[in-house]
Amino acid sequence: MPPPLLSSQKAAILSSLNDAQRRAVTSDAPTVAILAGPGSGKTHTLTSRVVWLVDHVGIRPEDVIVATFTVKAAREMKERIGKALGNGREKKIVLGNFHSIARRYLAAYGRHIGLNQKFGIADDADSRAIIKRICNRKPVQPDPAAVRAWISKKKAKGTEVDKKNARKDAAKNKGLQDLEECYQEYQSHLEKSNLLDFDDLLVKCVELLQKFPSCVSNIQTVLIDEYQDTNGIQYELMKLFAQRHKRITIVGDPDQSIYGWRSAEVKNLWRFLADFRATAEISLEENYRSFRSILDLSLLVIQQDKNRYKKMLKPIHNRGPRPVLRKLKSASAEGDWIVSEIKRVMMMSGGMLTNNDVAVLLRSASLSRHIESALGKAGVAYKMIGGFKFYDRVEIKVIIDYLRVIYQPENNDALGRIMNVPKRGIGEGTIQKLHEEARQASISVWALLSKHSRGERTAKTRIAAPMEQKIVTTLLRPLDIIRKKIGESAGPGGTPFGLVEVIEQLLSSIEFQKHMQLTYPDDHEQRWANVQELVSLAADFVRDLAQSGEDDILPEIEGLEQAKETEVLPRFLANVSLAADAQTGDKDEESKPVVTISTIHAAKGLEWPIVFVPAVYNGSIPHLRAEDNDEERRLLYVAMTRAQNLLYLSCPVFCSDGKEDGPPSRNQLSPFIEPINRAFANKGPCLDRPVMSEIAKVLGRKLPSEDDIFRELPTMFSIEDNIFPVDPEQKQTDSTNEAPRAAKRPRLSGPGHQTNGEEIPWKKEYVTTMEQSTAFTASALPGFVSASTHQARIAAEAAVNEALKAAEKAEKLKKMTASKRPLDQTSILGFVKTASSSSSSQLLPTSNKPRAATTKTGYSQFSFPRSSTSTQPKPALEPELASHKLPTGKAIINRPARPAREEEVKKKQYPAFSSSPQRAPPAEEELEDVDEEPPEPTRAAACMHTTTFTSLPHTGFNRGVKRPPGLRREGEIAPLDKLRKPFRPLTMNKGR
DNA sequence: CCAAATAAACTTTTT
DNA sequence: GTTTATTTGG
């Protein structure tokens, strides 16, 4: 009955895969663990495996569960599976992120475990508010945030709690008592309001599937994406999904585990391998994404973690330009520099690269301010992912809360928030009292008010007459009417009253537009436009629901009746809480190229040709409040490995905030970068023909002719990254002579005078004079400057290569075989055992100690301890850190069957650059830099003429950057533009 | 008891 | 800059 796969079809699937990927896709082991480094075609492999399982193995799509970690990943997965599978069969697959799948099962079968069918989802703000209230009630007021974290952790850990943990907890102080009490009260509050928080969705689903395995009796196979981010409860859920046939495929990369703070446990990988002994382990190590230089440096970062599972990254592409570590004076200068660099790249690519190809990745969303303002000032379109969400806007949250109250009158929290919005003369005190009274009477606030207004039960809380009047006419009655209409429309032959109508009637009955005007006189138009946008999002939602019909529905199971979700409103609300982000209109994406600003977390799994990672200073990454520095390092690793072609790290030297008079506080370069900072270029790379055509090759795009490119260059254009001083500290020369100018040196000593690899001092000197003139001078003497950078690069190259060679020697002895891992580290599980036995995976920077001696059996399976005992002063350049180079270089050469295209690349590359691959790097760089020179005199002249224009706002001095007017668009506003909105602070209320 | 105005503290990452 | 606690005036 499965359509026998035509051999041509089969071939088509397989031919797009490399050897390891093919093994992963076609494996018939019951459980498969795919260890997939960045850019290794993880998603492609997973989607191919789904297609394989459906089309070749013959599993019905509806018997497959694919769980991802984020909504975005789920969306993309669905799209790609859809393309590969065809016939819309992807809709039958149970596909989504864990929470939404869990919600689906609970909506269908939740009543079996006594769950109220009409449960709602308590989002972040909700649970925070609830816990806060509980804490305030307590005599000893515990910290709400801590309580919340504790509760969440407890739930996320899963039901398979280890007793030793319980014991430890019990042994601890009796603050635990309070925590437990808060937990209890919190749960009972949720229950009364008929809410489940995010963790509860998973917990309850586990409970459901434990008690009623038949719900998933149809499931043949389960696939999990981003496995390294699963937490305990998700692990259990995965096992329960697959409990019938125990066929599971997981894909993950321990190096990219960045959700430990959310109780994700890399441990789960080891747990998986221990639980399923027959697991086939497959490593995907070829990296198709990035230039080699990017991977080299990323590995130098991640390998600082001594306790990680060692894994290779085999670059497929050429070396490419060296990643940049740029120092800027301030955060706003950093933003301006990023803009200048984006523009330079765009221009030098002759339009081959657009804003869409650029991403700015941030440790925290709050860092976006300067970036946004710089982009806005320059009129560069951008969008922000992560951070502020559309649904987080006050005006939107109010509407959502109204909708929640409409759906669930017993949702006291939502009711409490909207009770006085728009103003009804009800103050904080009254609301609190009503809550309290309702709680004691064990009824909902809504019921309390309702009864009071009907005279059935007079509230003890004093409610003034005008107040009561308002409540009845503008709150109770309108919402009741809407509820009634919804109810009627649901019944047979009812008048259609859809979601959009609900919202529109709501808006008019509470006179929301008027409220906007009164409350936000400055920007009520903007906010009202946001509300309109919500309406259109709702319309889209309804349309999508009708279109994809079966979409959200679970397969029918014999002998088990599932509740059908017919109502639109609850699904919309669930979508709002779980998706946590408005679906971006696809039309918009294509029309206007926009730069992406994103948190690193939200950028996982994505890639861009050009990536900026600003603010790589201590305190930002690693973040001050981060408790796991290894995770912070992985975060940086994730950020760096998003880049395909050009990678820029940057760091403002001074904190931007401090007082004007006091000495500006200094930022310290991130400790992850500090030891290897010399491996970076100190300014943007030359973007000459060879570089650009290499990029074109990787991206599979066509590069415009050189003539075309230069014809388009504006006259005022600087082809180099020389608008900002390479060493901004030098500006500080006058009064505060903290640096006693020792670096000053005659400029003669510049080129060819590289002694100890320090940044070429002679260049600073004239750069300092005035930033405006910098561009002028530098471009007037193009050869000069380039020669110096050339020198610097060669010096840095040499340093790195020395380290690499040393590493090579050390490693050569150990492993002459072309094995992927160190010989002794045969399998992931092998690593697991040692890892857990050696140090209970308390990965701490204590790894400098000779741990090999202290640890016991099994340690020999590690490959690194030997080298780590040999202490070297510069840890970054320690041989073992660079060991990845070895296999990479060899692998490419040894590789027998590469696709024809790659073969060509190789042939072309080596003869052209160097005879010896090992020593190729400096030679390549040299070549590049020499080639970098040909700025014809005409161009230099052009630059000279125009420097006056270039010099406009680019000094690092513009403080207090005003909001860019460019983004304020009069007339119609595209949805995305609204989301953009950098100026108007989005006044989020994080729950009250 | 409510609303407006002023002073102080705060500021990861996401489902 | 922004949310929250406090004070003051209605």
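Chain identifiers are assigned alphabetically (A, B, ...) following the order of the sequence lines, protein sequences preceding nucleic acid strands; residue numbering begins at 1 within each chain.
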Between [N] atom [atom2] and [X] atom [atom1], what is the distance in whole Å?
X: Ile101(A); N: dT15(B); atom1: CD1; atom2: P; result: 15 Å
X: Glu428(A); N: dA4(B); atom1: CD; atom2: P; result: 14 Å
X: Arg148(A); N: dT13(B); atom1: CZ; atom2: P; result: 13 Å
X: Lys470(A); N: dC1(B); atom1: NZ; atom2: C1'; result: 17 Å
X: Lys153(A); N: dT15(B); atom1: NZ; atom2: P; result: 18 Å
X: Met384(A); N: dT14(B); atom1: CE; atom2: C1'; result: 13 Å
X: Leu237(A); N: dT15(B); atom1: CG; atom2: C1'; result: 13 Å
X: Arg128(A); N: dT15(B); atom1: CZ; atom2: P; result: 14 Å

Presence of Thr599(A) side-chain N/O under 4.0 Å of dT14(B) phosphate oxygens OP1/OP2: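 True: Thr599(A) side-chain N/O within range (under 4.0 Å) of dT14(B) OP1/OP2.
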So, is Asn97(A) close to the dT14(B) phosphate, meaning a side-chain N or O under 4.0 Å from OP1 or OP2?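 Checking dT14(B) against Asn97(A), no side-chain N or O comes under 4.0 Å of OP1 or OP2.
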Measure the acute angle between the ring planes of Tyr183(A) and Trp150(A), then classify it against the limits of 30° and 60° as parallel, tilted or perpendicular.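 The arrangement is perpendicular - the two ring planes meet at more than 60°.
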Looking only at the side chains, is there a donor atom on one of Asp523(A) and Gln526(A) sitting less than 3.5 Å from an acceptor on the other?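 No donor-acceptor contact under 3.5 Å links the two side chains.
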Please pick, from [options], the nucleotide with the shortest atom-to-atom distance to any side-chain atom of [X].
X: Thr70(A); options: dT15(B), dA5(C), dG1(C); value: dT15(B)
X: Lys423(A); options: dT13(B), dT15(B), dA4(B); value: dA4(B)
X: Arg262(A); options: dG1(C), dA3(B), dT14(B); value: dT14(B)
X: Arg369(A); options: dT15(B), dG1(C), dA5(C); value: dG1(C)
X: His601(A); options: dT15(B), dA3(B), dT14(B); value: dT14(B)
X: Lys433(A); options: dT14(B), dC1(B), dT15(B); value: dC1(B)

Please check if the number of heavy atoms outside [X] that lie under 6.0 Å from its [atom1] is greater than 12.
X: Lys155(A); atom1: NZ; result: yes
X: Lys514(A); atom1: NZ; result: no
X: Gln668(A); atom1: CD; result: no

Indicate whether Trp261(A) forms a stack on dT13(B); treat it as stacked only if centroid distance is below 5.5 angstrom and interplanar angle below 30 degrees.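 Yes; by the centre-distance and plane-angle rule, Trp261(A) counts as stacking on dT13(B).
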Counting the atoms with a prime plus P, OP1 and OP2 as sugar-phosphate, which does [X] contact under 4.0 Å by heavy atoms, base, sugar-phosphate, or nothing?
X: Ala365(A); result: sugar-phosphate
X: Tyr259(A); result: sugar-phosphate
X: Asp199(A); result: nothing

If you look at every heavy atom in Lys204(A) and Leu196(A), which pair is closest and at what distance?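 Residues Lys204(A) and Leu196(A), closest heavy atoms: CG-CD2, 4.1 Å.
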Comparing Arg625(A) and Gly429(A) on DNA chain B - which has the more 5′ nearest nucleotide: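 Result: Gly429(A).
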